[in-house]
Amino acid sequence: MDTSAPHTDTPAPHTPAAGHGSRPARALLIPLAVTIVLPMVLYYALRAQGVAQWQALLFSGAIPAAHALATAVVRRRAEFFDLFVVALLAVSAVTSLISGNPRVLLLKDAGLPALLGAWILATLFFSRPFTFHFGSRLRGPAAAAEAERAWRDRPEFREALRRLTVLWGCFQLLDAFLSTVAALVLPIDAVPVTGRFLSYGLLAAVAVITVRRSRRFRAQHGIALFGARTAAG
């Protein structure tokens with residue numbers, strides 16, 4: 001699964017100017033194109049030209065790595081997960097060259113969700129779990145202060161976010177496990193497209209569960225887990 005979501009602050013409510021509505025779409029579509037569409041297209045285009053499997057996997061896998069490096073240059077800082085993507089490609093490429101087995105390059109796709117899942121679960125031991133910080137991207141200043149009060153004073157709020165954090169972490173680890181099985185068992189040429197659909201199918205499933213739980217919690221307790229205001233407001 002792709003984990004390089006854009007770091008943007010939630011603006012105060014205002015009347016959107018022309019062109020502002022396209023920014024969220026671009027922020028979503030560009031990472032999806034770089035991490036899913038372009039690597040798949042390049043892989044199968046290279047295979048159609050008779051390029052060896054390991055070479056096609058290496059060249060197609062270089063696209064997300066190059067994007068991660070370019071993003072780090074633009075930001076003038078390197079995010080840990082960007083560096084991890086580059087390191088995974090480098091290690092798997094060297095290992096594949098030594099072993100002569102292209103499946104080693106496929107296994108790198110299990111590395112990122114494995115690390116991400118472990119990190120998400122580890123945030124249960126931090127002052128705030130993963131889902132609390134994820135929600136902070138969706139809150140304005142007033143809602144952020146309200147969420148802090150709810151975290152401090154309402155145990156059901158804390159418990160709901162912790163349970164969702166467990167859900168997200170376990171889904172990422174499941175993605176890593178299934179990606180590993182696919183890389184080892186399926187025909188090599190089937191893995192790039194199958195693995196992407198598998199990963200984003202799991203992501204869609206956990207997103208639907210999260211939305212449903214969030215709505216149920218708001219109906220029961222009168223406060224949003226991720227949204228901008230309470231039901232009373």
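Below, all heavy atoms of this structure are taken into account, side chains as well, without hydrogens, waters or symmetry copies.
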Are the side chain of [X] and the backbone of [Y] linked by a donor-acceptor contact shorter than 3.5 Å?
X	Y	value
Ser214	Thr210	no
Ser199	Arg196	no
Arg158	Trp151	yes

What distance separates [X] [atom1] from [Y] [atom2], expressed to the nearest 0.5 Å?
X	Y	atom1	atom2	answer
Ile120	His133	CD1	NE2	12.0 Å
Asp109	Leu178	CG	CG	13.0 Å
Arg162	Glu159	CZ	CD	7.0 Å
Ser127	Phe132	OG	CZ	8.5 Å
Gln53	Leu46	CD	CG	12.0 Å
Arg47	Leu42	CZ	CG	12.5 Å

Between [X] and [Y], is there shared hydrophobic-cluster membership here, with clusters defined by ILVMFWY side-chain heavy atoms closer than 4.5 Å?
X	Y	value
Ile209	Leu116	yes
Leu124	Phe126	no
Phe177	Leu203	yes
Val206	Val211	no
Trp119	Leu174	yes

Seminar exercise, completed: Result for side chain to side chain contact (heavy atoms under 4.5 Å, CB included) between Phe171 and one of Asp175, Leu167, Leu173 points to Leu167
Closest non-hydrogen atom pair, [X] against [Y]:
X	Y	result
Pro192	Ile188	CD-O, 3.2 Å
Ala160	Leu225	CB-CD2, 3.9 Å
Leu57	Ser60	O-OG, 3.1 Å
Arg103	Val185	NH1-N, 4.0 Å
Gly117	Gln172	CA-CB, 3.5 Å
Val193	Met40	CA-SD, 3.5 Å

Is the shortest side-chain heavy-atom distance between [X] and [Y] below 4.5 Å?
X	Y	result
Leu161	Phe134	no
Phe217	Phe157	yes
Val104	Trp54	no
Glu146	Ile223	yes
Leu107	Leu184	yes
Ser179	Leu106	no

Problem set entry | OH/Tyr44: more than 12 non-hydrogen atoms of other groups inside 6.0 Å | yes
For this session: Starting from the C-alpha separation in whole Å, work towards a yes-or-no answer on side-chain contact (heavy atoms from CB on, under 4.5 Å) for Glu156 and Gln220.
Result: CA-CA 11 Å; Glu156 69 273 16; Gln220 291 174 348; over 6 Å; no
Exercise. Salt-bridged, Arg128 to Glu148, with N to O below 4.0 Å?
Worked result: yes
For this session: Take the angle between the ring planes of Trp168 and Phe130 and call it parallel below 30°, perpendicular above 60°, tilted in between.
Result: tilted
